Each structure stands twice: as structure tokens, then as C-alpha cells.
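Treat the numbers as computed from the prediction; the structure is a model and nothing was measured.
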Amino acid sequence: MSGSVRVAVIGSGPAGLYAADELSKHDAVSVDVIDRLPCPYGLLRYGVAPDHLKMKSLEITLRKILERPTVRFLGGIELGSGISVAELREYYDAVIYATGSPVDRRLSIPGEELPGSFSATEFVAWYCGHPDAAVDAFTLHARSAVVVGVGNVAVDVARILAKTAGELDITDMPDHVLKVLDASAVSDIYIIGRRGPAQAKFTTKELRELGEQAHADVVVDPAELVLDQAGKELVENNKAVRRNVDTLQEWSTRIQQGRARRIHLRFLLAPVAVLGSGRVEAVRCERNELDGCGGVTGTGITETLPAQLLLRSVGYRGLPLPGVPFDERSGVIPNVAGRVQHNGSVVIGEYVVGWIKRGPTGVIGTNKGDAKETVEQLLDDLDALPRASHRDPDAIIEQLNQRGVGVVSWAGWEAIDAAEQALGAAAGRTRIKIADRAALLLAAATALRR
Ligand code: NAP
């Protein structure tokens, strides 16, 4: 293909930006990174725990990608309501979907809908200041909280519940979040896994942080750490599993320090019902036993954990995008090595990266190789791609503006960034996130007046 190739990346999280990074290494390619939010960085801004400052600093690297002359950020554009795939294809020679797995999976047990029962996704969105999360979504009057699932998200939400607001004002959490955390009555946090410790999904570094909390003791029952044959084999052959189990075993012998909060790590407990009249009061769990092959069977014996707050942290799921093939069963866009497929055939000029390509697994760095694979397919296809009809890069912005879609430019995001830093400086903090969508847009609009 001669002349500049125009590619749209839908989603400005790490996966989308790593794709833009790969594409921008080629002089002939220009990239528009499109996001429905006015702010870039996706799950780095709205999913990575605010107290993971080192991970958050990845923003410095990702910003450099968006600052390249051949890369543009266009915020405030939602695929579907703002622009259709067919229209996109009039402006771009190729489209890469990088929309992640934005919704939670369900437990499908009675009482799951009671007030006081939330997905971890909702809690994370709230404490990360996501504009879709209601400011008053959480009150934290609960004394006892149950977190279902033993992955890294469960560990994140438990750690945030275990920390004091004083420990969190080094973060960019919005003030309304810190206020609620400061008044939190939570004293006991139960993290429950339906299988054994060898089958837990958390990584050791994240797990160990739970044992380093200044205001929370960890509580582990040695009886729940017993391994079956499958568990023993995992411990023997998998260093990460061995380190997890060693950590839990060490904690099971620890003497409690009488700290104000306790994090209970429980295993072989599957939630079967959420109990309460009008709101969550307890979670009934069935005790499981290991089946020797990595699975479990129910024993029929139940245990009821007190809980005024329930956070379901059992994984994420992708959402279908209008006009884009979607596999309902796996919750991803069907693809082969990143080339989108429909009924077994390649959809020409459409590609996919990140969680919406492979499902919600891996750490942020996993997206780098994943994006490289997809971009290689795209570059291989270049000569065969039909050219989009509109070649003027500003045509899409004019079209969207005419339609009343307020496109947030890079300058708009920089104005939001500056406003958040100014809010932080006024309070002696590095940054305070603006959570309200109208306030974000107002801040972005100041860029137009400069
Ligand atoms: P995850 O790692 O897939 O863990 C989900 C957990 O939910 C598993 O323990 C699973 O148990 C359990 N579960 C699923 N269905 C259940 C049910 N019906 N009842 C009870 N338990 C159930 O998912 P995640 O924690 O959401 O993490 C998603 C990805 O993001 C992972 O790759 C994670 O490493 C990554 N992440 C990384 C970090 C970090 O690096 N700091 C932070 C957050 C997230 P089974 O195994 O028995 O199915």
C-alpha cells in the first residue's frame, strides 16, 4: 500500500497503546487511539490499584507513545453510539479492537442481587474514580466483608479494605473515596477460594503484600492448607505455587498482633447463597473437599460467614461491540493470532489485542507480546487492505463534532491532567483524580480556550 496507512485502535489501555507503539515504529503508518472516555490509559488508570505506585508509573512510558507525531488520542468517542464500525472503515484502512473485558462474571447463587452485594469491578471502578461509578456507590458501614475468589483482583480489593485512608493519601484516589475509607467500619475481611491453596490464582508478590499491612493481621487455618496429590505435584513442579503455599503456611503459624483489622484467607469454601432480609447479612458457603485431580467436590456441610458487604471477584468478561463478531461462550472477539474471524473467515482489515482477544488473563506486560503478534499480522496484510475513502485525518473529527460528539483531543487530556495535579497540589498530594464526567469535560474544554 503506498502513502500513509491510517489505523484506528479502539481502546487506550495498555493493550491498545502497545499496539500503537508497534505500529508507530513504521514510518508509513499513522494511528488514532480512540477511547469512549475523555482520559487515556484504560485499566492502568481505572483498574490497577491506586497504591501500586510503581505499576501506575507505567503511565510515563505509555504517554510517550501517545506523544509521538504519528499517534493521536481521540477521547469521548464510543463505538456504537458515537461511530459505527462501517463508518470507521471509511476513515481507517484497518481497525484494532482493544476494549478489554469490562464486565464481571456472576456467581449465579440466590441473594446475589441483594443490596450490599457488588462485583469487585464496581468497587475497583469506584475507588479508581471511574466516571461511570456513582460517587456514593459505597458507604463501608460493614464490619465484615466477604471477597469471593482468590485471584489478584480479590487481593487488591481486600488490601484496599484493610488499609487506612492515611495510608492511601499518597495515591490519586478522589477525596470522596478517601472520606468513605476513613470512616470505614470494616474489621474482618474474608477472602474465600472454592478450591485449595495450590489452585489459587494470585501471584506471590501480590499475596505477600497482604501480610505486610500495618493495620491488619492475616489469619490462615492450617487445616485448610492440606494438599492432595494434585496440589503436591503443583507445589513440586511450579515455583509460583510453591511460593504461594509457603507464604500461606508461614502465616498459619503467625501470632496475631491484635491489629484493628483481620484478613482471613479461607480455602475449600464455595458460596452457595447470600443471606439477608433486605440487604446482605451473611454468606452461606459449602465446604468442599479436594478430588485429587485439581478439582473439588461439595461435602454438603455448610458454614455461614457474617458479611454486610460482599465483593464478587470471580473474573471478568468481554462485552460484544456493535457490528463486531463476538464469541458469547468465551467472551472474546474470535480471532486467529489477532486477525478477527467471522464464521471461520478472516474479516479483512479488523484486528484485536489484549483481553478482548485472549480473555482476562496475564499481567499488563503480557499485552506487549500480544500486541506485537497482532500488528505483525496487520503489517503482513497491508498490501491487500482496501483503502479507506476519507484520507484527511481531520475529516473524522469534523464529522463527529457536527454530530454533537465532543471529541477530547490530546490537549484536552493534558488539561485534565494539569487540573488533577493542581487539585492534588492544593491538598499536599501529587494528584487527585477527577471522577465526575462533566468536570472532566469542563477541564478538557479549558484546552480550547488557551
Ligand atoms: P482470576 O485470576 O481468573 O481469579 C478468579 C478467581 O475467581 C479464581 O480464584 C476462581 O477460582 C474464582 N472463581 C471463579 N468462579 C467462581 C465461582 N463461581 N465461585 C467461587 N470462585 C470462583 O481473575 P482476577 O482476579 O479477576 O484477575 C484477572 C487478571 O488480572 C489475572 O490475570 C490477574 O493476574 C490480573 N491482575 C493482575 C494484578 C497484578 O499484577 N497486580 C492485579 C489485578 C489483576 P477457580 O480457579 O476455582 O475457577
**Message:** Could you go through Val9 and Leu23, starting from their C-alpha distance and side-chain angles, then the distance that decides it, and tell me whether this counts as side-chain contact (heavy atoms from CB on, under 4.5 Å)?
**Reply:** CA-CA 10 Å; Val9 174; Leu23 288 164; 4.2 Å; yes

Would a 4.5 Å heavy-atom cut-off, applied to side chains only, mark [X] and [Y] as touching?
X	Y	result
Trp413	Pro38	no
Asn367	Val353	no
Lys179	Met173	no
Leu44	Glu59	yes
Leu88	Ile10	yes
Leu385	Ile348	yes
Leu319	Thr99	no
Arg429	Asp175	yes

Show me, pair by pair, the donor-acceptor contacts under 3.5 angstrom made by side chains of residues 159-168, not counting sequence neighbours?
from: Arg159; atom 1: NE; to: Asp51; atom 2: OD2; distance (Å): 2.7
from: Arg159; atom 1: NH1; to: Asp156; atom 2: OD1; distance (Å): 3.2
from: Arg159; atom 1: NH2; to: Asp51; atom 2: OD1; distance (Å): 2.8
from: Arg159; atom 1: NH2; to: His52; atom 2: NE2; distance (Å): 3.3
from: Arg159; atom 1: NH2; to: Asp156; atom 2: OD1; distance (Å): 3.2
from: Lys163; atom 1: NZ; to: Asp51; atom 2: OD2; distance (Å): 2.7
from: Thr164; atom 1: OG1; to: Glu167; atom 2: N; distance (Å): 3.3
from: Thr164; atom 1: OG1; to: Glu167; atom 2: OE1; distance (Å): 3.2
from: Glu167; atom 1: OE1; to: Thr164; atom 2: N; distance (Å): 2.8

**Worked verdict on Glu376 versus Lys372 for salt bridge (charged side-chain N to carboxylate O under 4.0 Å, His left out)** = CA-CA 6 Å; Glu376 273 167 10; Lys372 198 166 191 287; 3.6 Å; yes

**Asked** Hey, are Asp93 and Arg387 close enough for a salt bridge, meaning a charged N less than 4.0 Å from a carboxylate O?
**Response** no

Does any N or O in the side chain of [X] come within less than 3.5 Å of the main-chain N or O of [Y], such that one atom is a donor and the other an acceptor?
X	Y	value
Glu250	Thr247	no
Arg261	Gln213	no
Ser117	Glu112	yes
Lys56	Val48	yes
Gln399	Ala395	no
Glu350	Val340	no
Asp35	Gly75	no
Asn401	Glu398	no
Asp104	Thr121	no
Thr203	Lys205	no

**All side chain to side chain contact (heavy atoms under 4.5 Å, CB included) counterparts of Ala183, not counting sequence neighbours** = none

**Prompt:** In chain order, what residues pass the side chain to side chain contact (heavy atoms under 4.5 Å, CB included) check against Thr366, with sequence neighbours excluded?
**Reply:** Arg358, Val363

**Asked** Going by the side-chain hydrogen bond (donor to acceptor under 3.5 Å, both in side chains) test, which pairs reach into residues 235-244, not counting sequence neighbours?
**Response** Thr204-Asn244

**Asked** Tell me the side-chain hydrogen bond (donor to acceptor under 3.5 Å, both in side chains) pairs involving residues 37-46, sequence neighbours left out?
**Response** Arg45-Glu420

Who passes side chain to side chain donor-acceptor pair (under 3.5 Å) against [X], sequence neighbours left out?
X	answer
Lys357	Asp370, Glu373, Thr374
Lys368	none
Glu113	Arg106
Gln421	Asp417

**Item:** Criterion side-chain hydrogen bond (donor to acceptor under 3.5 Å, both in side chains) on Glu122 and Ser119, from CA distance to verdict
**Value:** CA-CA 5 Å; Glu122 290 169 281; Ser119 67; 3.3 Å; yes

**Request:** Let me see the working for Arg63 and Glu67 under salt bridge (charged side-chain N to carboxylate O under 4.0 Å, His left out), right down to the final yes or no.
**Result:** CA-CA 6 Å; Arg63 184 173 62 219; Glu67 283 172 345; 3.8 Å; yes

**Asked** Is there a side-chain contact (heavy atoms from CB on, under 4.5 Å) between Leu382 and Leu379 once you walk through the steps?
**Response** CA-CA 5 Å; Leu382 271 191; Leu379 295 173; 4.0 Å; yes

**Item:** Non-hydrogen atoms of Pro131 and Leu440 that approach each other most closely
**Value:** CG-CD1, 4.0 Å

**Asked** Any idea how Phe123 and Tyr127 line up, ring-wise: parallel (<30°), tilted (30 to 60°), or perpendicular (>60°)?
**Response** perpendicular

**Complete:** Only residue of Leu62, Thr61, Val71 satisfying side-chain contact (heavy atoms from CB on, under 4.5 Å) with Leu17 is Leu62

**Asked** For residues 77-121, which residue pairs qualify under ring pair (Phe, Tyr, Trp, His ring centres under 6.0 Å), counting only residues two or more places apart or in two chains?
**Response** Tyr91-His390, Phe118-Phe138

**Prompt:** Which pairs, with at least one residue in residues 327-364 and sequence neighbours excluded, count as a ring pair (Phe, Tyr, Trp, His ring centres under 6.0 Å)?
**Reply:** Tyr316-Trp355

**Message:** Within this structure, what is the CZ-SG distance for the pair Arg194 and Cys285, rounded to the nearest 0.5 Å?
**Reply:** 12.5 Å

**Interatomic spacing from CD in Glu78 to CG in Leu321 - rounded to 0.5 Å** = 9.5 Å

**Message:** Take a 6.0 Å sphere around NZ of Lys25 and say whether it holds more than 12 heavy atoms from other residues, nucleotides or ligands.
**Reply:** yes

**Request:** Decide yes or no on side-chain contact (heavy atoms from CB on, under 4.5 Å) for Ile396 and Val407, but give the supporting numbers first.
**Result:** CA-CA 10 Å; Ile396 184 164; Val407 178; over 6 Å; no

**Inter- and intrachain pairs under salt bridge (charged side-chain N to carboxylate O under 4.0 Å, His left out), touching residues 123-141, at least two apart** = Arg36-Asp132, Asp132-Arg437

